[in-house]
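Everything numeric in this text was worked out from a predicted model, so none of it was measured.
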Amino acid sequence: MKGIGYQNREAALAALTDMTRDVAAIEPEEYQQRISTAQAYMREHKIAAIYLNAGTNLKYFTGLQWYPSERMVGAVLPAQGDVQFIVPFFEVGSIKDYQVIEGPMHTWQEEQSPYSLLVKVLNDLNVAPDATLGIDESAAFFIADGIRQAGPALNLINAKCVTAHCRMHKSASELALIQRAMDMTLAVHKAAASILHEGITTTEVEAFIDEAHRKVGATGNYFCIVLFGTATSFPHGVKDPQTLKQGDVVLIDTGCKLHGYLSDITRTYVFGEPTAHQRTMWQHEKNAQLAAFEAAQIGTPCGDVDFAARSYLAKQGLGPDYQLPGCPHRTGHGIGLDIHEWPYLVKDNPQPLAAGMCFSNEPMLVLPGEFGIRLEDHFYMTSNGPKWFTQPALSIDDPFGLDS
């Protein structure tokens, strides 16, 4: 790999600066707009209310960041009226500190049923006993089962029809947060490449990437995969660490959070001089990524984007479909408050592309027993077509375009 001169870890870290100082979190007015959008959809589709469990759906609609656990913490979003919070009594003080959107707070004691409390809240909102209630798709089974038992006449459905409908279309402020998070992780990638030397271990690189993410303003890695050599042929890694040697393929996949929004970038290159075979496969990966990007046009089904990448690879004798050697997983996933969210660039997905949708583009090549190559960048849809958050890797020799 050319284009990056070697630095020791201290020098590489010293070159990084905080990239978050001019970034604003989502404003309360936007949360209110999200609630209004959801409520309009719910009224149109005869959904009386949805239950939002602690996690990213609760944060998306109310701004309240709370962790899911064995205790119900969440909110009822009715088709009309204010959000109603349901929380353990002893957590009220803490939860109030995290609230962005205010609303009535209904509490339950440890020996009481939060599910019965939820049904009472619905009754107080004049929701019919047999009305349709959407359940947060990320809620644990025990929550849905508890609600079913407390309100047996309720028609329980998956709230994904509401949550995904709203969340898959990113606003300008969401795109700005994702953009900055991506910029931060790309800077970290460049720094990580600069510290590689023969004998360094994958765990040492992971530790550096965590520290580098902190240096640019994140709270560390949201996730990090570092693989060398044959281990790169396992898309999400192997159990044991590896030690870098000349000629190894290097795969680094990492991301961070910024005000809840995520980055996710993968770079693959060779430490030392690539072989002709490595060069050929790397270029096929880059070409497949470009084929997917060019296929991503407004109104095009998500499945067609996956098909474009897979068709290119099949013409090179890779695959076909999800067979190996070839691309064993979908071409891309949505991203936002969750690292993987709707919609997905996967075979036969009929969801049409629309402005504001964000996707990874990573039709990874796996050659079992040899190596894997994943080039992952994200794009978002504009009214004029796709736009990259980060520019794709330039070449196997100069992945970050530093020599151009």
Side-chain angles (χ1 to χ4, degrees), residues 34-35 38-39 41-42 45-79 83-92 94-95 98 103 105-125 127-168 222-223 236 260 262 329-330 333-344 346 349 351:
R34 294 172 180 180
I35 289 171
Q39 289 179 320
Y41 183 91
M42 291 157 64
H45 292 85
K46 312 301 184 197
I47 301 170
I50 60 173
Y51 168 70
L52 304 169
N53 197 48
T56 52
N57 280 326
L58 183 64
K59 179 174 176 61
Y60 178 83
F61 288 104
T62 74
L64 175 59
Q65 179 70 61
W66 200 259
Y67 52 91
S69 72
E70 78 282 6
R71 293 184 176 94
M72 176 187 271
V73 175
V76 172
L77 175 56
V83 177
Q84 311 283 316
F85 293 91
I86 297 177
V87 303
F89 176 79
F90 76 95
E91 296 282 26
V92 168
S94 297
I95 288 173
Y98 288 94
M105 195 170 289
H106 307 271
T107 63
W108 55 279
Q109 299 285 2
E110 289 281 71
E111 80 280 6
Q112 296 175 327
S113 167
Y115 319 113
S116 296
L117 177 59
L118 181 145
V119 171
K120 180 180 183 303
V121 169
L122 293 175
N123 291 338
D124 291 345
L125 291 170
V127 172
D130 60 351
T132 297
L133 173 68
I135 303 295
D136 189 329
E137 68 275 18
S138 67
F141 173 79
F142 73 84
I143 290 178
D145 188 52
I147 294 171
R148 179 187 61 79
Q149 293 186 48
L154 287 169
N155 176 32
L156 302 185
I157 66 168
N158 190 336
K160 175 187 170 184
C161 58
V162 180
T163 57
H165 168 76
C166 296
R167 288 179 57 181
M168 71 171 63
Y222 178 72
F223 74 98
H236 289 154
L262 287 152
H329 60 61
R330 64 194 173 215
H333 57 78
I335 193 169
L337 290 171
D338 286 311
I339 194 70
H340 293 172
E341 61 179 53
W342 332 267
Y344 293 95
V346 65
N349 183 357
Q351 175 72 52

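A distance-only check finds a donor-acceptor pair linking the side chain of D136 to the backbone of N53 [under 3.5 Å]. Distance alone, capped at 3.5 Å, is enough to place a donor-acceptor pair between the Q39 side chain and the P78 backbone. Distance alone, capped at 3.5 Å, is enough to place a donor-acceptor pair between the Y60 side chain and the C166 backbone. The backbone N or O of D338 lies less than 3.5 Å from a partner atom in the side chain of E341, making a donor-acceptor pair.
Using bins of under 30°, 30° to 60° and over 60° for the plane-to-plane angle, the ring pair H340/H333 lands in the tilted bin.
The shortest non-hydrogen separation linking S116 to A150 is N-CB, 3.8 Å. Closest heavy-atom contact between V127 and A131: CG1-CB, 3.5 Å. Smallest separation of non-hydrogen atoms from A159 and G134: CB-C, 3.7 Å. Of all heavy-atom pairs spanning P343 and Q351, the tightest one is CB-CG, 4.0 Å.
Side chains of H106 and V76 form no contact here, defined as non-hydrogen atoms less than 4.5 Å apart. The shortest distance between side-chain heavy atoms of R167 and R34 does not fall below 4.5 Å.
When the shell of 6.0 Å around CZ of F142 is examined, it contains more than 12 heavy atoms from other residues, nucleotides or ligands. No more than 12 heavy-atom neighbours from other residues, nucleotides or ligands sit within 6.0 angstrom of CZ on F89.
Applying side chain to side chain contact (heavy atoms under 4.5 Å, CB included) to L133 and the options I47, I157, N155, I147 leaves one that passes, I147.
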